[in-house]
Chemist: 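To start, I am sharing the structure in question, which I have written as structure tokens.
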Amino acid sequence: MPELPEVETVKRALDKRLPGHEFVKIDTYVPALRFPLGSLGDHALLHRKIMAVRRRARYLIVEMEGCRALLLHLGMTGTLRIVPAVAPRLKHEHVVLLLENGDTLRFEDPRRFGFILPCVLSAPGVDPKELAALGPEPLSDDFSAEYLYQAFKGRKTRVKTALMDNSIVVGVGNIYANESLFLSGINPLTPAGKVPLSQCELLVDNVKATLRRAIDAGGTTISDFKGVDGSEGKFVLQLNVYGKSGEPCPKCGTEIARVAIGGRSSFYCSRCQKEQ
DNA sequence: AGAGATACCTGGGAGC
DNA sequence: TGCTCCCAGGTATCTC
């Protein structure tokens, strides 16, 4: 399941391969992913030199000359790979983008939670308007303890839900939210507004550290994620609590608890992560 | 406006 | 073996 480190891994691989090339044909094999694919195949995106591949939150932006771009999201199960055009199409490869050099960029997504949207940029290097409401990048200096404390202030929603709110900070999904809260000793059920500044400092540090470690490891592989070359991420080996209900806490040995927060599975140690 | 619930989707695993 | 049921979860959208 791609979270920010996985998307960053894909972005780095694509940015090495795509710039300088251009799409000459786009084939779609289903009418829609999360959004209809209808406008992809025609006109505006073809025969434009690809300038760069960028990432914002969990979105990928393939920027082309003339302020055109492809906005991609991998959703839950999306993967991108670059293979020769002659390679047989896999069952869930819903979009095949042919490059002028005979390679294809292929979007595979069994659950179809991802999307590919054509968009127009107001200027080169600028994010599309579709991404305007996003909060700061977690690895940027804008994501600081003071910022998070202010963003949480007055919020009654659970700290875990708030940490996964893209308007507060982007790219922190369920796995990393669970892990960061564990490392910070914060109970995920705590109302966001009750987390003191001192714990916001710990939380910000641990979100950054967890994401950086995961990026270094090439992403977290639970079952679906693969890099552009098909390699699996290795971060799953470093998880402390995610998916480990009933197992002993790595710090104190207490059984890891599982509870649903906002409909999502949440894992924590009731001893190391006391509720406020 | 903030908070919570729901829909979207399908493969994989558990249970019978 | 084969069926049904439940779960995974980011995001948009709905309701209260």
Side-chain angles (χ1 to χ4, degrees), chain A residues 1-11 28-37 55-61 71-80 90-95 107-117 119 127-135 137-138 150-181 188-195 207 211 214 219-226 232-233 235-236 239 241-246 258-268:
Chain A
M1 44 198 82
E3 297 198 42
L4 188 143
E6 289 78 9
V7 181
E8 177 66 22
T9 302
V10 173
K11 176 253 159 186
T28 60
Y29 296 90
V30 289
L33 294 172
R34 166 166 283 276
F35 303 117
L37 290 170
R55 179 190 63 74
R56 174 76 172 103
R58 267 170 287 223
Y59 299 87
L60 290 165
I61 304 159
L71 184 62
L72 295 97
H73 197 290
L74 299 177
M76 284 290 303
T77 54
T79 55
L80 287 164
L90 303 180
K91 182 179 178 186
H92 296 291
E93 276 179 356
H94 304 307
V95 183
F107 189 89
E108 180 191 19
D109 188 5
R111 251 172 261 181
R112 300 191 204 176
F113 269 30
F115 63 77
I116 303 183
L117 281 179
C119 58
D127 287 342
K129 63 181 187 312
E130 286 84 350
L131 305 185
L134 294 174
E137 288 287 326
Q150 293 298 331
F152 280 176
K153 210 171 191 174
R155 293 247 190 172
K156 293 174 184 168
T157 193
R158 315 287 198 191
V159 61
K160 175 163 177 276
T161 304
L163 193 58
M164 293 170 66
D165 182 338
N166 273 340
S167 69
I168 292 178
V169 61
V170 301
V172 183
N174 200 31
I175 297 173
Y176 299 100
N178 277 298
E179 293 295 313
S180 301
L181 287 166
L189 295 162
T190 307
K194 290 197 172 179
V195 179
V207 165
L211 290 172
T220 303
T221 294
I222 297 298
S223 60
D224 300 302
F225 175 71
K226 288 191 183 66
E232 298 193 343
F235 188 65
V236 67
L239 295 175
V241 290
Y242 180 82
K244 295 187 181 294
S245 53
R258 178 187 178 277
V259 63
I261 302 176
R264 299 290 180 244
S265 285
S266 308
F267 304 89
Y268 67 101

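Residue numbering restarts at 1 for every chain, and letters A, B, ... go by the order of the sequence lines.
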Chemist: Do the side chains of F35(A) and I116(A) get nearer than 4.5 Å, heavy atoms only?
Modeler: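 Not in contact.
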Chemist: CG of L131(A) versus P of dT11(C): gap in Å, rounded?
Modeler: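 After rounding, the gap between these two atoms is 10 Å.
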Chemist: Produce a footprint string for nucleotides 10-15 of chain B: one letter per nucleotide, 5' end first; B if the base is under 4.0 Å from any protein heavy atom, S if only the sugar-phosphate is, - if neither.
Modeler: BS----
Chemist: Got a second to check how far H94(A)'s NE2 is from D109(A)'s CG, nearest 0.5 Å?
Modeler: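 One gets 5.5 Å once the value is rounded to the nearest 0.5 Å.
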Chemist: What's the angle between the local helix axes at either end of the helix from dG2(B)-dC16(C) to dC16(B)-dG2(C), using five pairs per end and rounding to 10 degrees?
Modeler: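 Here the local axes at opposite ends form an angle of 50°.
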Chemist: Have a look at F115(A) and say if it touches a base, only the backbone sugar-phosphate, or nothing, with a 4.0 Å heavy-atom cut-off.
Modeler: nothing
Chemist: Name the orientation class of the two ring planes belonging to Y59(A) and F115(A) (parallel below 30°, tilted from 30 to 60°, perpendicular beyond 60°).
Modeler: tilted
Chemist: Distance check needed: dT11(C) C1' versus I168(A) CD1, whole Å only.
Modeler: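 Roughly 16 Å, once rounded to whole Å.
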Chemist: R155(A) CZ to dG2(B) C1': how many Å, rounded?
Modeler: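 These atoms are roughly 7 Å apart.
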Chemist: Could you tell me if the side chain of V7(A) sits less than 4.5 Å from the side chain of H73(A), heavy atoms only?
Modeler: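 Contact flag for H73(A)/V7(A) side chains = no.
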Chemist: Once rounded to the nearest 0.5 Å, what's the spacing between atom CG of L33(A) and atom OG1 of T28(A)?
Modeler: 9.0 Å
Chemist: Could you list the donor-acceptor pairs under 3.5 angstrom formed between side-chain atoms of residues 161-172 of chain A and any protein atom two or more places apart in sequence or on another chain?
Modeler:
residue, atom, partner, partner atom, Å
D165(A), OD1, S167(A), N, 2.8
D165(A), OD1, S167(A), OG, 2.8

Chemist: Between L131(A) and I61(A), is the side-chain contact (heavy atoms from CB on, under 4.5 Å) condition met? List the steps.
Modeler: CA-CA 10 Å; L131(A) 305 185; I61(A) 304 159; 3.9 Å; yes
Chemist: On the nucleotide dA8(C), are OP1 or OP2 found under 4.0 Å from the side-chain N or O atoms that S265(A) carries?
Modeler: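 The answer is yes; a side-chain N or O of S265(A) sits under 4.0 Å from OP1 or OP2.
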Chemist: Nearest to the side chain of K156(A), which nucleotide is it out of dA3(B), dT11(C), dC7(C)?
Modeler: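 Looking only at heavy atoms from C-beta outward on K156(A), the closest nucleotide is dA3(B).
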Chemist: Report the nucleotide, chosen from dC7(C), dG4(B), dT11(C), that has the shortest atom-to-atom distance to any side-chain atom of R264(A).
Modeler: dT11(C)
Chemist: Any chance CZ of R55(A) has more than 12 other-residue heavy atoms, nucleotides or ligands included, within less than 6.0 Å?
Modeler: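 Correct, the count exceeds 12.
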Chemist: Got P188(A) and R158(A) here, is their nearest side-chain heavy-atom distance under 4.5 Å?
Modeler: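 Sidechains of R158(A) and P188(A): no contact.
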Chemist: Please give me every residue in residues 159-166 of chain A whose heavy atoms get under 4.0 Å of an atom in DNA chain B, ordered by residue number.
Modeler: none
Chemist: For L90(A), which residues count as a side chain to side chain contact (heavy atoms under 4.5 Å, CB included) partner, sequence neighbours excluded?
Modeler: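 If we apply the side chain to side chain contact (heavy atoms under 4.5 Å, CB included) test to L90(A), skipping adjacent residues, the hits are R81(A), E93(A), E108(A).
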Chemist: In whole Å, I'd like the distance from the CE atom of M76(A) to the C1' atom of dC7(C).
Modeler: 10 Å
Chemist: Quick one: which protein N/O atoms are closer than 3.5 Å to N/O atoms of nucleotides 13-16 of chain C? Pair and distance per line, please.
Modeler:
none

